[in-house]
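These figures come from a predicted structure and were not determined experimentally.
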Amino acid sequence: MSAPRDLTPDQLAELVRPHLAGGLVAFDVDGVLAPIVAHADDSRLSPDVHDLLASLATRTTVGIVSGRALESLERLFAFPDELHVFGSHGLEERGESANALDDDEQYTFEQLEIIASRGVEAAGEGAWLEYKPASVVLHVREADADRSAPVVEAVTNLARMIDGAQITPGSGVVELLARTASKGSALLTLAERTGSAPIVYLGDDVTDEDAFAVMGDADVSVRVGPGDSSARYRITDPAAVVDLLRALTD
């Protein structure tokens, strides 16, 4: 990874605008379209984002590719019907029935649930467990950092010993999946299905690197916020994403 090239929202809009006709513009949610908050259920879209996304969808294909469960995305954000929405790192898609876990995956899920539940107990006050159709997520953003950091490491190491498990770290969370998933695969699936090219994708977290990794030279990969990344470009924060959307829909 390296340092992406810093751009203003207007500069990024100049790069993206020629790709709107026939292209795909996709976004992660937390840290991109919504500011990061201490508790996931307190998250809300940045002001005007809902209407700006609806407007953008009249000009190009627009996708949401999030690690959140689809239920959470629908309940908290209610994205416009014109958008293609993927949850759980691509394991869930709006309008499509999710495939139930098979016997082996269910066994893996149960083992991961035990590990994550003990992690919540060990991390103490502020830690909590989130359930998704194919994963459990240990949240420690509100827990004591000195106490929770070694717990997350221990949970991660134990989960790696479970056959069929996928471990996905994030900002203040670690997700333990019983079925393999990737934002990169979801992004390519959406692009292929809609016949959209090139791809523009904005993400802010470790899991978004999977999406950046599958993007080609003609695509526009954008890291939102600080940190090393394989993305080619960077803008500062969710407020800059709002400015980008305004520039693209002006």
Side-chain angles (χ1 to χ4, degrees), residues 26 28-31 39-41 43 63-77 84-124 126-143 148-190 192-193 203-214:
D28 182 20
V29 179
D30 296 285
H39 197 284
D41 276 352
S43 184
I64 301 296
V65 184
S66 173
R68 279 182 179 265
L70 187 61
E71 180 278 331
S72 175
L73 293 171
E74 298 286 67
R75 174 169 50 87
L76 295 177
F77 307 119
H84 302 265
V85 180
F86 288 82
S88 298
H89 310 284
L91 290 179
E92 298 181 282
E93 182 180 359
R94 184 162 69 180
E96 301 291 334
S97 298
N99 294 324
L101 299 178
D102 62 28
D103 290 344
D104 288 341
E105 291 171 331
Q106 184 61 39
Y107 178 78
T108 298
F109 182 93
E110 291 168 359
Q111 299 305 302
L112 295 175
E113 180 185 19
I114 292 170
I115 293 170
S117 296
R118 291 177 178 171
V120 170
E121 295 172 2
W128 58 285
L129 194 62
E130 176 187 5
Y131 285 86
K132 298 181 186 180
S135 66
V136 288
V137 189
L138 171 61
H139 290 259
V140 296
R141 188 174 290 136
E142 298 175 284
S148 63
V151 172
V152 170
E153 182 178 2
V155 165
T156 299
N157 290 336
L158 286 170
R160 286 186 177 133
M161 300 170 66
I162 305 299
D163 288 343
Q166 175 180 315
I167 297 87
T168 302
S171 177
V173 302
V174 60
E175 184 167 1
L176 312 179
L177 296 100
R179 176 180 290 166
T180 301
S182 163
K183 287 184 178 180
S185 296
L187 192 63
L188 291 181
T189 295
L190 178 56
E192 292 168 2
R193 181 188 303 160
D204 77 306
D205 208 345
V206 175
T207 57
D208 297 303
E209 295 300 322
D210 292 335
F212 299 148
V214 303

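Asp28 and Gly67 make their closest contact through OD1-N, 4.5 Å (heavy atoms, listed as atom of the first residue, atom of the second, distance). Heavy-atom minimum distance, Ala116 versus Leu176: CB-CD1, 4.0 Å. Closest approach of Asp204 to Gly31, counting heavy atoms only: OD2-CA, 3.6 Å. Of all heavy-atom pairs between Val155 and Gly119, the closest is CG2-CA, 3.8 Å. Counting all heavy atoms, side chain and backbone alike, Ser88 lies closest to Pro133 at OG-CD, 4.1 Å. Considering all non-hydrogen atoms of both residues, Gly87 and Leu73 come closest at CA-CD1, 3.8 Å.
Under the 4.5 Å side-chain criterion, counting only non-hydrogen atoms from C-beta, Asn99 is in contact with Arg179. You'll find the side chain of Val140 stays beyond 4.5 Å of the side chain of Val151, heavy atoms only. Put simply, the side chain of Thr168 does not reach to within 4.5 Å of the side chain of Asp210, judged on heavy atoms.
Between the side chain of Thr108 and the main chain of Asp163, a donor-acceptor pair closer than 3.5 Å is present. Listed for the Arg68 side chain is a donor-acceptor partner under 3.5 Å among the backbone atoms of Ala40. Proximity of a side-chain donor or acceptor of Asn157 to a complementary backbone N or O of Ala154 within less than 3.5 Å is not detected. Judged by distance alone, the side chain of Glu105 and the main-chain N or O of Asp102 form a donor-acceptor pair under 3.5 Å. Looking only at distances, a side-chain donor or acceptor of Arg141 sits under 3.5 Å from a matching main-chain atom of Ser171. Using modelled atom types, one side-chain atom of Gln166 and one backbone atom of Ala181 make a donor-acceptor pair closer than 3.5 Å.
Among the candidates Leu70, Leu91, Val137, the single residue satisfying the side chain to side chain contact (heavy atoms under 4.5 Å, CB included) test with Lys132 is Val137.
Rounded to the nearest 0.5 angstrom, Asp30 CG and Phe77 CZ are separated by 5.0 Å. Summarising the geometry, atom NZ belonging to Lys183 is positioned 5.5 Å from atom OG belonging to Ser66; distances are rounded to the nearest 0.5 Å. To the nearest 0.5 Å, atoms CG (Leu188) and CZ (Arg193) are separated by 12.0 Å. Separation of atoms CD (Glu121) and CG (Leu129) is listed at 10.5 Å; rounding is to 0.5 Å. To the nearest 0.5 Å, the span separating CG on Leu187 from CG on Asp208 amounts to 10.0 Å. Atoms NE2 and CG, from His139 and Asp41 in turn, are 9.0 Å apart once rounded to the nearest 0.5 Å.
The aromatic rings of Phe109 and Tyr131 sit tilted, their planes meeting at an angle between 30° and 60°.
Within 6.0 Å of the CZ atom in Arg94, the count of heavy atoms belonging to other residues, nucleotides or ligands exceeds 12.
Residues His89 and Glu175 bring a donor and an acceptor atom of their side chains to less than 3.5 Å of each other.
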